[in-house]
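Written below as structure tokens is the structure these notes are about.
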There are 2 protein chains.
Amino acid sequence: MTKDMHPTRERILDAAEELFAQRGFEGVSIRQIMTKAEADVSLAYYHFESKRDLFDQVMLRRVEYLNEIRLKALEDVEKRHPDDEPTVEEIIGAFTQPLLTLLAEDHDKWSHYYQLIAQINNSPDRGGELMSRYFDPLVSRFIDALKRVLPDSDPADLYWSYHFLSGALTLTFAETGRIDNLSGGLCRSTDVASVIDRMPAFVAAGFHALCKN
Amino acid sequence: MTKDMHPTRERILDAAEELFAQRGFEGVSIRQIMTKAEADVSLAYYHFESKRDLFDQVMLRRVEYLNEIRLKALEDVEKRHPDDEPTVEEIIGAFTQPLLTLLAEDHDKWSHYYQLIAQINNSPDRGGELMSRYFDPLVSRFIDALKRVLPDSDPADLYWSYHFLSGALTLTFAETGRIDNLSGGLCRSTDVASVIDRMPAFVAAGFHALCKN
DNA sequence: ATTGAATTTCAACAATCGTTGAACTAGTAT
DNA sequence: ATACTAGTTCAACGATTGTTGAAATTCAAT
């Protein structure tokens with residue numbers, strides 16, 4: 001139990017995570033967060049330095065764990081192939097499946113955090129900067145692995161392929177309900193199992209089409 | 001010249017479009033918009049009913065034209081195949097190329113509007129609702145065309161494939177600069193030509209992999 | 001020159017914003 | 001009992017928010 005377990009601090013982070021995810025940083029006030037957390041407004045400034053710091057701590061609370069399990073998934077794939085090379089599908093699976101599995105297993109815990117990531121990834125203002133800070137070391141590790149599997153491909157093709165993957169993945173995280181409308185209820189944004197079944201195949205085919213050897 | 005050409009109104013819409021795109025609806029104040037538009041604060045309420053109405057008019061100003069040219073592109077593809085069926089690549093090209101061509105030809109005019117769409121598409125709050133209102137009639141038309149080309153595919157596969165396409169396309173529109181960081185400058189978010197060269201191939205391969213006949 | 005409508009300016013409103021300092025409570029160690 | 005620290009409450013600050021009403025200006029039509 002090395003985790004910071006102060007209960008009030010955790011309640012504030014939970015409330016902030018949900019509200020930031022739904023309405024963005026500027027769309028939510030400290031008062032709304034503290035009302036949802038059932039705590040006094042001033043407690044926000046006892047446990048955090050500022051609104052911006054609160055936002056940063058919301059991001060930091062879960063990002064480290066995510067990067068850990070995704071790195072481990074990639075290392076497991078590589079260990080499974082001590083002599084030959086893994087497939088593109090296996091590497092992409094290591095990138096996406098840990099996230100999707102968490103979401104499927106405990107939707108209430110992860111959905112808001114993923115929605116927040118979706119918003120940041122598509123935010124022209126500081127989205128690139130924030131996503132790079134939190135995820136690029138891990139992403140570079142994955143792209144290196146893909147370079148090894150596709151050694152004769154143009155690196156630009158690989159980066160753009162990752163870009164398309166990133167867009168597809170984070171729109172899934174946003175869970176906007178649009179696919180529900182569009183399909184007349186046939187598909188549901190929150191149906192993670194359907195995404196697990198389909199996204200790796202879709203994305204891997206895109207990589208193969210673009211990053212030919 | 002049937003367009004509404006009131007110059008002040010257009011300047012307000014231009015300023016609002018750029019600021020909403022960068023910082024979101026709640027991240028921008030009327031005063032900031034009117035300062036950029038070099039007009040008095042009250043003029044916002046002479047030309048528009050409210051901040052929300054201003055936002056809606058920013059959206060409406062360009063959406064009709066976009067839907068027109070994309071529908072025309074699809075009809076052109078279909079006219080080119082009076083007897084046989086067009087390819088998946090052709091239909092996806094009709095969906096994406098008109099948008100990307102506009103962006104390549106007049107980046108200053110369209111980039112902010114596209115950034116706004118990227119943000120809305122990934123906004124958990126009202127993103128699904130807004131995107132459906134503005135684009136779903138057109139999108140349904142495209143999915144129907146794809147159903148005709150892939151008659152034996154599961155419709156759910158088609159809707160999810162479109163979902164992945166939508167995510168890849170709108171993250172491109174966001175132009176966050178992340179691919180610039182990640183690739184160490186090799187790729188640039190604003191390089192539309194690179195996207196035109198790659199996205200249709202990537203996405204079409206995904207459709208084929210998922211929506212087999 | 002005068003009317004009248006369209007457009008713009010100026011001043012202000014109540015509400016809410018992020019943030020702070022001082023007082024208060026609870027519990028632990030001396 | 002006392003002192004100390006962590007956690008919490010209360011009241012308020014200056015600034016900014018969306019919005020409005022009335023006055024001033026512009027300009028074409030009479």
Side-chain angles (χ1 to χ4, degrees), chain A residues 1-61 112 116 119-120 123 125-126 129-130, chain B residues 1-61 112 116 119-120 123 125-126 129-130:
Chain A
M1 192 68 56
T2 69
K3 285 279 289 291
D4 208 357
M5 283 302 279
H6 196 294
T8 304
R9 190 186 137 96
E10 293 288 308
R11 280 207 334 276
I12 299 174
L13 285 170
D14 287 341
E17 181 177 83
E18 181 168 346
L19 291 176
F20 283 150
Q22 280 162 6
R23 301 206 285 270
F25 179 75
E26 335 241 9
V28 181
S29 71
I30 299 270
R31 282 170 178 81
Q32 292 170 326
I33 293 170
M34 300 308 284
T35 298
K36 181 178 261 289
E38 294 180 293
D40 188 272
V41 206
S42 299
L43 275 178
Y45 293 88
Y46 178 77
H47 291 281
F48 304 94
E49 290 180 8
S50 62
K51 189 185 181 185
R52 183 106 257 158
D53 179 53
L54 171 55
F55 180 87
D56 290 339
Q57 299 306 322
V58 166
M59 285 300 295
L60 286 169
R61 180 165 61 148
H112 300 128
L116 190 54
Q119 257 197 309
I120 292 173
S123 158
D125 196 21
R126 314 159 51 88
E129 171 200 337
L130 285 176
Chain B
M1 192 69 55
T2 69
K3 285 278 292 291
D4 208 358
M5 282 301 281
H6 195 296
T8 304
R9 191 186 135 97
E10 293 288 309
R11 281 208 332 277
I12 299 173
L13 286 170
D14 287 341
E17 182 178 82
E18 180 168 348
L19 291 175
F20 282 150
Q22 279 163 7
R23 301 207 285 270
F25 178 76
E26 336 241 8
V28 180
S29 72
I30 299 269
R31 281 170 179 80
Q32 292 170 326
I33 292 170
M34 300 308 287
T35 298
K36 181 177 261 288
E38 294 181 292
D40 189 272
V41 206
S42 298
L43 274 177
Y45 293 88
Y46 177 77
H47 291 283
F48 305 94
E49 289 180 7
S50 63
K51 188 184 180 185
R52 183 106 255 159
D53 178 51
L54 170 56
F55 180 88
D56 289 339
Q57 300 305 322
V58 166
M59 284 300 296
L60 285 169
R61 179 165 62 147
H112 301 128
L116 190 53
Q119 256 196 314
I120 292 174
S123 159
D125 197 22
R126 314 160 49 90
E129 172 200 336
L130 285 177

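Note that this is a predicted model, so its numbers are computed, not measured. All values below come from the heavy atoms of this structure, side chains included, with hydrogens, waters and symmetry mates left out. Each chain gets a letter, A, B and so on, in the order its sequence line appears, and its residues count up from 1.
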**OP:** May I ask you to list the residues of residues 29-51 of chain A, by number, that have any heavy atom positioned under 4.0 Å from an atom of DNA chain D?
**Re:**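 When residues 29-51 of chain A is checked for heavy atoms under 4.0 Å from DNA chain D, the hits, listed by number, are A:Arg31, A:Asp40, A:Ser42, A:Leu43, A:Tyr46, A:His47.
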
Using whole Å, report how far [atom1] of [X] lies from [atom2] of [N].
X: A:Leu19; N: C:dC17; atom1: CG; atom2: C1'; answer: 16 Å
X: B:Glu26; N: C:dT16; atom1: CD; atom2: C1'; answer: 13 Å
X: B:Arg9; N: C:dT8; atom1: CZ; atom2: P; answer: 13 Å
X: B:His6; N: C:dA6; atom1: NE2; atom2: C1'; answer: 8 Å

**OP:** Only one of B:Leu43, B:Val41, B:Thr35 passes side chain to side chain contact (heavy atoms under 4.5 Å, CB included) with B:Ile30; say which it is.
**Re:** B:Val41

Original post:
Any donor-acceptor pair under 3.5 Å linking the side chain of A:Glu129 with the backbone of A:Arg126?
Top reply: no

Original post:
Is A:Lys36 reaching over with its side chain to a backbone N or O of A:Asp14, donor-acceptor style, under 3.5 angstrom?
Top reply: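 Pair absent, no side-chain N/O of A:Lys36 close to backbone of A:Asp14.
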
Original post:
Is there a side-chain polar atom (N or O) of B:Thr8 under 4.0 Å from OP1 or OP2 of C:dT7?
Top reply: no

Subject >> Ring-face cation of B:Arg9 near B:Tyr46 (centre distance under 6.0 Å, axis angle within 45°) >> reply: no

Subject >> Exceeds 12 heavy-atom contacts within 6.0 angstrom, atom CD of B:Glu49 >> reply: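 For B:Glu49, atom CD is not crowded (no more than 12 foreign heavy atoms under 6.0 Å).
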
Subject >> Basic-acidic side-chain contact under 4.0 Å: A:Glu26, B:Arg23 >> reply: no

